[in-house]
Amino acid sequence: MNLHEYQGKEILSSFGVRIQRGIVADSHKKAVEAAKQLATETGTEWFVIKAQVHAGGRGKGGGVKIAKNLQEVETISEKMIGMDLVTPQTSAEGKRVHQVLIAEDVYYPTEGGCDPDEYYVSVLLNRETGRNMVMYSTEGGMDIETVAESTPELIFTEEIDPTMGLLPFQARKIAFNLGLEGLAFKEMTKFITNLYRAYVGSDSSMFEINPVLKTSDSKIMAVDAKVTLDENALYRHKDYAEMRDLREENPIEVEAKAAGLNYVDLDGNVGCMVNGAGLAMGTMDLIKQAGGEPANFLDVGGTADAKRVEIAFRIILKDTNIKAILVNIFGGIVRCDRVAQGVVDAYTNMGDDLNVPIIVRLQGTNAKEAKELIQKSGMSIIAATEFQEAADKVQEVLAK
Ligand code: GDP
Ligand code: MN
């Protein structure tokens, strides 16, 4: 589950990581109030108005703006709230901005002008070694993928032993490699230590802070925060679970989740309805071999009754690229004839809404009865028993 910048910063702050402070607002009136409060609390004279959407590159798309007084806070916020923000990481339609973060300006100038040092720091799982690692670079504030391509030697990683956690010498090594000394060095070791505590303590799968800023008075702080929480651990973080913003998520996936279905939207043209994640993966491979592309991953779970099958069909059909639907169910606990009845009932209920060919493969308990039931129903459902047979039928349908 992804979080907004302001939510990520809340978590960071609760673990003692220094952050660029801010107050979130969902109207320009509240934005002005937030700015006044922030000015009192931090003494800041300038403000940064930051669009809160689940996408990076906001700065490039006009989603990060400086306001030099309350009047500017009002006009900029009014324009930003409600706009569709397009960044290099969004679609061409962009993402609707519902809230802005009014933050203190932390790039305050020094005598020689303002040339702040920005770093990149993230904590994430290295899937190859099965260990958490801190990834860091002196090239902060830029798109890290670009840095990885053009100057990979400027990206460092520090692997962490799960039994020991991040050791003090590792935090010091990171601060040293970032070229820091004096107060900034101490600040950075503390920053890295607490950042890692936040990552582990919140059961996250990613914490990306870009940029980490060294202020002109050598403080180290998080200016941005991109946080992904591990959904499977949310049961032990009820307060984080409330941070979910459904407006940022794929609406079809949200609806599927509410119906208890395990659904992931994909780009292809063949919808899949399968029970069991392993069989679902196998079915997606099968569709590819048949010359199609899976339009989704859908695990309907153990109870494939008519109601559930119908909801699943309706969710699959929300995707307008669908050319065929392949139902591939193994009847282990659930009997195939009951699933078949579910498919037939759903088909009857949905009438013209079900306007693409359906290939049904049922295997396992009462598979024979299931096939007969489908054939007898007189509906244009294509029945198959074998895996390959189902693939061939998908191919036939797509060729038409
Ligand atoms: P992103 O573009 O979505 O990654 O958003 P960020 O939060 O990283 O902000 C983008 C850029 O805005 C940063 O790299 C900074 O250069 C700039 N920025 C952020 N906060 C401040 C600030 O307090 N003062 C100034 N002058 N610039 C800031
Ligand atoms: Mn950023």
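This chain uses plain numbering: 1 for the first residue, then up along the sequence. Whatever order the structure lists them in is the order used to number ligands and atoms, beginning at 1.
Listed as neighbours of ligand 1 are Q20, V48, K50, G56, G57, R58, G59, V64, I66, E104, D105, V106, Y107, E118, N210, P211, V223, D224, each bearing a heavy atom under 4.0 Å from the ligand.
Evaluation of the side-chain hydrogen bond (donor to acceptor under 3.5 Å, both in side chains) rule for D265 yields N250, Y263 as partners, not counting sequence neighbours. Taking K173 as the reference, E158 meet the side-chain hydrogen bond (donor to acceptor under 3.5 Å, both in side chains) condition, with sequence neighbours excluded.
For the residue pair D105 and T44, no side-chain donor N or O sits within less than 3.5 Å of a side-chain acceptor on the partner. Using modelled atom types and a 3.5 Å distance limit, the side chains of Q341 and D345 yield a donor-acceptor pair. Defined by atom type and a distance below 3.5 Å, a donor-acceptor pair is missing between the side-chain atoms of D245 and H54. A donor and an acceptor atom, one from each side chain of T283 and N328, are located under 3.5 Å apart. In summary, the side chains of E118 and Y107 do present a donor paired with an acceptor at a separation below 3.5 Å, with no hydrogens or angles considered.
Near the Mn ion (ligand 2), less than 2.8 Å away, sit the protein N, O or S atoms N210 O, D224 OD2.
Ring geometry, Y199 versus F207: the interplanar angle exceeds 60°, so the pair is classed perpendicular (tilted spans 30 to 60°).
In terms of heavy-atom proximity, T385 sits nearest to L362 at CG2-O, 4.2 Å.
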